[in-house]
Amino acid sequence: MVQAEQTLQEVLGAFDFSAPVVGAVRYGCGHINDTFVVHTQPENRGCRRFILQRMSAAAFKRPDQLMENIISVTEFLAREIEKHNGDRSREAMEVIRPKNGADYYTDSQGGAWRLYPFVEGTVCHQAADTPELFAASGRAFGRFQQLLKNYPADTLYETIPHFHDTEDRLAKFKAAVEADKLGRVKDCRPEIDFVLSREKDCSVALNALREGRLPLRVTHNDTKLNNVLMDEATGEGMCIIDLDTVMPGLVLYDFGDSIRFGANHSAEDETDLSKVNLDVDLFEVYTRAFLEGVDGSLTDAEIAYLPWGAKLMTLECGIRFLTDYLDGDNYFHISREGQNLDRCRSQFKLVADMEAHWSELEDIVSQYRK
Ligand code: ADP
Ligand code: GN1
Ligand code: MG
């Protein structure tokens, strides 16, 4: 047996599935963790599925702290959902502990693994094929924000320090350009210049936070469309997943990352940039839905800064893809050479588009200002 298969078997043996395991295969399109779906066959009933994940060691240095956050946040959410007469087994994630009673399982190679029930009857979308779908994701992410409004933020570990600290991302990018480990700088001069000419932008949200104009909240910080499971029957957002980065943050991060990923009609790694365009109508659809979800809780300044959230999350993500490309693709999973550079280029095309449509974006959010 090859090592990877041996490790998987070891990990499957570490959890109690209450039924024979009939298979475990790679699953989903996440860029960070290694995700598997596990099929089990209980007696006298249909197959029962689980999501098994090896947490990324490149992204998460302290799986113990990460899992403490996730267990506490999922339990908090389950209680809130019950208070609102929701179904906690479908609307909240639930961590299943390994047989040894720890929060997660560490395999003999040092990998850290966790298990969740598979949330059945849901669909995970990779693109906002219809405005209704995008709106449903906006309501779900807005509601998620609302559900966590009384969560004690100071008890959360920072699972990835400086995650949306765009100034820090810029500094790390400059260091990667300077090091030019793989001699790739020569292939991406226009992209490097694109970042350098927007250096000041990287401080806009952080300045507003430092000056007390924007409040810190508990945010998800990774609000891609494929991090919300939609109810197969109703099309509404059912369960927010990928809680690795739930940390104190700005509401702009959650709004902005959804716009970055969803308010266009192209894949994140699209190589034909003529297909990569901001869809202003989808921006409007998402704005309305997200604000419906947060239910009047945002300040006027937070609403006013929403276009900046979109631009900064897109710029920052492009900077991160480019930094990873220059560093040798150690962070984001890639399936082909140059994929991180392609991802970076699509993000920068979207940033340029947001700049071109800036006054329209401001007009849209201004309708909701107080
Ligand atoms: P990554 O951090 O790598 O993006 P995710 O936690 O988002 O990992 O999981 C990857 C994919 O696995 C998701 O996009 C989704 O398709 C699927 N997934 C994760 N958790 C569940 C779950 N509890 N039920 C059903 N599908 C899930
Ligand atoms: C990663 O984990 P996933 O695939 O949902 C990344 C996000 C990026 C995104 C870009 C923990 O999201 O920050 O915006 O890729 N997550 C982490 O697609 O770094
Ligand atoms: Mg994900």
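Numbering of ligands and ligand atoms starts at 1, following listing order.
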Proximity of [X] to ligand 2 by residue part, where a heavy atom lies under 4.0 Å:
X: Arg320; value: side chain
X: Asn33; value: neither
X: Tyr253; value: neither

Q.
Phe194 and side-chain contact (heavy atoms from CB on, under 4.5 Å): which single residue from Leu322, Val351, Ile319 fits?
A.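 In the set Leu322, Val351, Ile319, the residue that makes a side-chain contact (heavy atoms from CB on, under 4.5 Å) with Phe194 is Val351.
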Suppose we call two aromatic rings close when their centres sit under 6.0 Å apart. Are [X] and [Y] close by that rule?
X: Phe15; Y: Tyr104; result: no
X: Phe118; Y: Phe50; result: no
X: Phe141; Y: Tyr286; result: no
X: Phe321; Y: Phe332; result: yes
X: Phe36; Y: Trp113; result: yes

If you define the side chain from C-beta out and look only at heavy atoms, does anything of [X] sit under 4.5 Å from [Y]?
X: Arg217; Y: Lys149; value: no
X: Glu284; Y: Gln367; value: yes
X: Glu232; Y: Thr122; value: no
X: Leu273; Y: Arg345; value: yes
X: Val365; Y: Thr287; value: yes
X: Thr299; Y: Tyr305; value: no

Q | Phe283: which of Phe255, Phe134, Phe290 passes ring pair (Phe, Tyr, Trp, His ring centres under 6.0 Å) | A |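 Filter result, single survivor: Phe255.
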Q | Near the Mg ion (ligand 3) (cut-off under 2.8 Å), count of protein N, O or S atoms | A |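 Of the protein's nitrogen, oxygen and sulfur atoms, 2 lie under 2.8 Å from the Mg ion (ligand 3).
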Q. Do the charged groups of Asp269 and Arg343 touch, with an N to O distance under 4.0 Å?
A.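 Salt bridge: no.
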Would you check whether [X] reaches within less than 4.0 Å of ligand 2, judged by its heavy atoms?
X: Gly30; result: yes
X: Met313; result: no
X: Asp222; result: yes
X: Phe332; result: yes

Looking only at distance, does [X] have an N or O less than 3.5 Å from an N or O of ligand 2?
X: Lys224; value: yes
X: Asn221; value: no
X: Thr245; value: no

Q.
Given a heavy-atom cut-off of 4.0 Å, could you list the residues near ligand 1 in chain and number order?
A.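 Residues Tyr27, Gly30, His31, Ile32, Asn33, Thr35, Ile51, Gln53, Met93, Pro117, Phe118, Val119, Cys124, Asn226, Asn227, Leu229, Ile241, Asp242 each place a heavy atom under 4.0 Å from ligand 1, listed by chain and number.
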Per-atom contacts of ligand 2 with [X], taking only distances under 4.0 Å to non-hydrogen atoms:
X: Asp242; answer: 2 (O), 3 (P), 5 (O)
X: Cys317; answer: 10 (C), 14 (O)
X: Asn227; answer: 5 (O)
X: Tyr331; answer: 11 (C), 17 (C), 19 (O)

**Q.** Over-ring placement of Arg114 relative to Tyr116, 6.0 Å and 45° cut-offs
**A.**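 Judged by the rule, Arg114 and Tyr116 form no cation-pi pair.
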Q: Determine the sole option in Lys174, Lys200, Arg210 for which the salt bridge (charged side-chain N to carboxylate O under 4.0 Å, His left out) test with Glu167 is passed.
A: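 Testing Glu167 for a salt bridge (charged side-chain N to carboxylate O under 4.0 Å, His left out) against Lys174, Lys200, Arg210 leaves exactly one candidate, Arg210.
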